[in-house]
Amino acid sequence: MDKLMITAALVGAEVSPEDTPYLPLSPREIADEAQRVYEAGAAIVHLHMRDQAGNSSQNRTLFAEAISYIKAETDLIVQVSTGGAVGMTAKERLQPVTLSPEMASLSTGSVNFGVEVFSNPLPMVRAFAKACREYHVKPEIEVFDSGMVTTALSLVKEGLLTEPLHFNFVLGVPGGMAATAKNLLFLLDLIPVGSTWTVSAIGRHQLPMNTLGILLGGHVRTGLEDNIFYTKGVLAQGNVPLVKRLVNIAQELGRPLASVAEARVLLGLVH
Ligand code: KMH
Ligand code: ZN
């Protein structure tokens with residue numbers, strides 16, 4: 001098995017500061033949280049931004065500020081969100097890609113997202129994949145349902161994505177694929193040999209699916225974007241306790257952690 005890469009999804013778009021007081025909000029707070037998860041063992045940070053009112057924002061300047069702090073203070077791999085929040089326009093969502101971060105998320109299909117729709121029509125997905133190529137950004141393909149793997153493979157045929165692909169299976173979104181072991185195994189059968197993959201899951205599913213990902217030789221994403229609780233009814237006091245718990249589980253299971261330099265090699269970010 002490869003060494004384990006941990007991604008920390010620090011803030012997300014949907015969690016509200018009223019849900020948890022531990023959400024980092026300003027670029028400075030997000031960068032401070034990035035430094036803490038780096039020290040705890042994360043190799044990648046998945047970034048969303050918030051405006052001064054705490055609402056989700058894809059503003060380029062906010063991303064630029066946070067990324068400049070993170071780069072100055074850590075060696076972390078920065079992965080910006082192109083998902084933003086439900087309802088944002090393609091133009092809004094693409095802004096942080098123009099900063100040429102090392103990675104960006106790329107959702108390859110639409111999905112019901114609770115009572116809303118996270119809309120990713122094919123022409124938009126193609127445009128996002130082209131932008132990633134133009135700005136030399138490695139996409140992480142966000143898979144909420146199995147058709148999104150199929151679409152990613154068709155984008156390889158179209159020349160818009162290049163193998164080896166990196167997938168993130170986001171399980172347990174209400175409207176998307178449920179967070180079950182069977183579903184994860186089914187998805188793993190669909191991806192090309194040589195791909196890397198990580199697993200994220202929402203709420204109480206986060207810990208068991210992350211643990212399964214560690215056991216299966218995949219990689220894991222944790223963080224407040226996906227789950228704000230440490231245990232039932234007990235808030236996680238920031239992203240660090242969630243990262244530290246995975247570091248401990250990996251150690252107990254005999255799976256060594258990838259350094260950030262090793263993660264860059266695993267993801268093909270350096271040659
Ligand atoms: N906020 C979700 C609608 C991504 O970052 O690319 C989309 C999302 C995925 O968070
Ligand atoms: Zn996200």
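Basis for what follows: all heavy atoms, side chains included, without hydrogens, waters or symmetry-related copies. In listed order, ligands and their atoms are each counted from 1.
At a 3.5 angstrom cut-off on N or O pairs, H46 counts as close to ligand 1.
Against a heavy-atom cut-off of under 4.0 Å, H48 is close to the following atoms of ligand 1: 5 (O), 10 (O). Per-residue contacts place E14 under 4.0 angstrom from the following atoms of ligand 1 (heavy atoms of the residue considered): 1 (N), 2 (C), 3 (C). With ligand atoms numbered from 1 in the order given, ligand 1 contributes 3 (C) to contacts under 4.0 Å with heavy atoms of V86.
At least one side-chain heavy atom of F169 sits less than 4.5 Å from a side-chain heavy atom of L188.
Heavy atoms of other residues, nucleotides or ligands lying less than 6.0 angstrom from CD of E18 number 12 at most. Around CD of Q251, the count of heavy atoms belonging to other residues, nucleotides or ligands within 6.0 Å does not exceed 12. The local environment of CZ in R204 is sparse, with at most 12 non-hydrogen atoms from other residues, nucleotides or ligands closer than 6.0 Å.
Between S200 and R221, the side chains place a donor N or O and an acceptor N or O closer than 3.5 Å (distance only, hydrogens not considered).
Nearest protein heavy-atom contact of atom 7 (C) of ligand 1 is F118 CZ, 3.5 Å. For atom 5 (O) of ligand 1, the nearest protein heavy atom (residue, atom name, distance) is S81 OG, 2.7 Å. When only non-hydrogen protein atoms are considered, atom 9 (C) of ligand 1 lies nearest to G83 CA, 4.1 Å. Considering only non-hydrogen protein atoms, atom 10 (O) of ligand 1 sits nearest to E225 OE2, 3.0 Å. Atom 6 (O) of ligand 1 has as its closest protein heavy atom S105 OG, 2.6 Å.
Side-chain atoms of N120 come within 3.5 Å of backbone N or O of G109 as a donor-acceptor pair. Using modelled atom types, one side-chain atom of N239 and one backbone atom of L10 make a donor-acceptor pair closer than 3.5 Å.
Of all N, O or S atoms in E225, the one lying closest to the Zn ion (ligand 2) is OE2. Atom NE2 is the N/O/S atom of H48 found closest to the Zn ion (ligand 2).
At least one heavy atom of G84 sits less than 4.0 Å from an atom of ligand 1.
The cationic atom of R245 (NZ for Lys, CZ for Arg) lies less than 6.0 Å from the six-membered ring centre of Y230 and within 45° of the ring axis.
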